[in-house]
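Take a look at the structure set out below.
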Amino acid sequence: MIEWYTAIEIVVALLVGLVCIVYGLVGRGPNDYTLGATLFVELLLVAQFVIALIAPLSGNMPTGSLLEFWLYLGVALIIPPAAVFWGLVERTRWSTVILGAACFAIAVMLYRMTAIWFIQGT
Amino acid sequence: MPMANNGSSRAVGAGRVLIAVYAILALAAVARSGFQIATKFDTAPVAYLLSALAGVVYVLATIALLGRGTTWYRVAWGTIVFEFIGVVVVGALSLFDAALFPADTVWSYFGRGYGFIPLVLPVLGMLWLRKTRPPRAA
């Protein structure tokens with residue numbers, strides 16, 4: 001796990017989450033921007049997935065449980081696509097709020113993942 | 001506002017956000033307690049089993065909120081009240097006996113490890129259920 005990359009990822013997830021929730025609460029249904037931004041969060045997660053695959057091979061080992069880390073990452077990867085799917089099926093303001101809630105959940109899970117990787121075992 | 005609706009009186013409007021958050025919490029609680037039971041069950045068996053039970057109840061609550069009719073309405077009430085009692089009782093117990101309920105279970109310290117969402121969610125759920133009470137048809 002790369003510290004600066006994950007930090008950027010958390011900030012992006014929080015920003016997208018905030019923007020989606022505000023958009024939803026002012027009454028906008030999901031549009032290309034909010035759906036796209038949520039997909040971007042997913043894309044960053046996929047990159048995180050690749051990084052986490054390679055990192056241990058290049059000596060960047062987690063201090064904590066690798067299994068727990070992968071469990072978080074695996075669950076995290078499901079959430080944005082599920083929210084986007086919901087947003088495509090149900091085009092109301094509340095679907096935009098759900099996109100935001102999903103991104104916030106991703107930020108929290110990434111934070112937990114950094115704790116597992118950098119802090120848990122030390 | 002056009003809406004794809006399965007006929008449920010609860011899965012509408014803001015209730016959809018509630019259901020989505022329930023679904024995320026259900027996923028988190030089931031996955032995490034599963035991991036804890038698989039790897040460190042002995043350190044706090046009661047707490048981790050309760051956490052798993054909480055996870056299953058969250059799944060049931062999510063389904064009940066999506067469901068139609070009065071039966072699902074009652075199931076939704078039952079599961080949400082159960083969660084509320086769970087988070088309050090376990091939250092209080094964890095203050096007195098930290099060893100029995102370590103910080104990493106879903107209800108410890110009133111759900112602090114989950115941003116107190118386990119404490120807030122049942123309250124919102126009960127308010128939502130009150131608002132969407134199905135008509136008493138014969």
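Small disclaimer: the values here were computed from a predicted structure and weren't measured. Residue numbering restarts at 1 for every chain, and letters A, B, ... go by the order of the sequence lines.
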Checklist entry - Any salt bridge (charged side-chain N to carboxylate O under 4.0 Å, His left out) pairs touching residues 33-42 of chain B, not counting sequence neighbours? => result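 Residue pairs with at least one partner in residues 33-42 of chain B: B:Lys40-B:Asp104.
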Checklist entry - What residue in B:Gly34, B:Ala38, B:Ala31, B:Gly115 has the most heavy-atom pairs under 4.5 Å with chain A? => result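 Result: the option with the highest number of such pairs is B:Ala31.
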Checklist entry - Do the side chains of A:Val89 and B:Ile63 join up, straight or via other hydrophobic residues, at under 4.5 Å, putting them in one cluster? => result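 Each belongs to a different hydrophobic cluster.
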Item to check | Shared hydrophobic cluster for B:Phe84 and B:Val21 (ILVMFWY, side-chain gaps under 4.5 Å) | outcome: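 Yes, one cluster joins them.
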Item to check | Heavy-atom neighbours of B:Phe41 CZ exceed 12 at 6.0 Å | outcome: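 Enclosed: over 12 neighbouring heavy atoms sit under 6.0 Å from CZ of B:Phe41.
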Next on the checklist: A quick test of your reading: do over 12 heavy atoms of other residues, nucleotides or ligands sit less than 6.0 Å from CZ of B:Phe110?
Outcome noted: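 Enclosed.
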Checklist entry - Quick one: which of B:Ile19, B:Val17, B:Leu18 gives a side chain to side chain contact (heavy atoms under 4.5 Å, CB included) with A:Trp94? => result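 Exactly one option meets the side chain to side chain contact (heavy atoms under 4.5 Å, CB included) with A:Trp94, and it is B:Val17.
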Checklist entry - For chain B, which residues from residues 10-31 of chain A lie under 4.5 Å away (heavy-atom distances)? => result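 Against chain B, none of the residues of residues 10-31 of chain A fall inside the cut-off of heavy atoms under 4.5 Å.
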Next on the checklist: Testing the basics here: between B:Ile24 and A:Ala102, what is the closest heavy-atom pair and its distance to 0.1 Å?
Outcome noted: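 It is CD1-CA, 4.2 Å.
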Item to check | Listed once per pair and sorted, the side-chain hydrogen bond (donor to acceptor under 3.5 Å, both in side chains) pairs that draw on residues 115-130 of chain B, sequence neighbours left out | outcome: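 Every candidate side-chain hydrogen bond (donor to acceptor under 3.5 Å, both in side chains) pair involving residues 115-130 of chain B fails, so no pair, neighbours aside, qualifies.
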Identify each donor-acceptor pair in which a side-chain atom of residues 65-81 of chain A lies under 3.5 Å from a protein atom, sequence neighbours left out, and give them as a table.
from, atom 1, to, atom 2, distance (Å)
A:Ser65, OG, A:Leu67, N, 3.4
A:Ser65, OG, A:Glu68, N, 3.1
A:Glu68, OE1, A:Gln120, NE2, 2.9
A:Tyr72, OH, A:Arg112, NE, 3.2
A:Tyr72, OH, B:Arg32, NE, 3.3

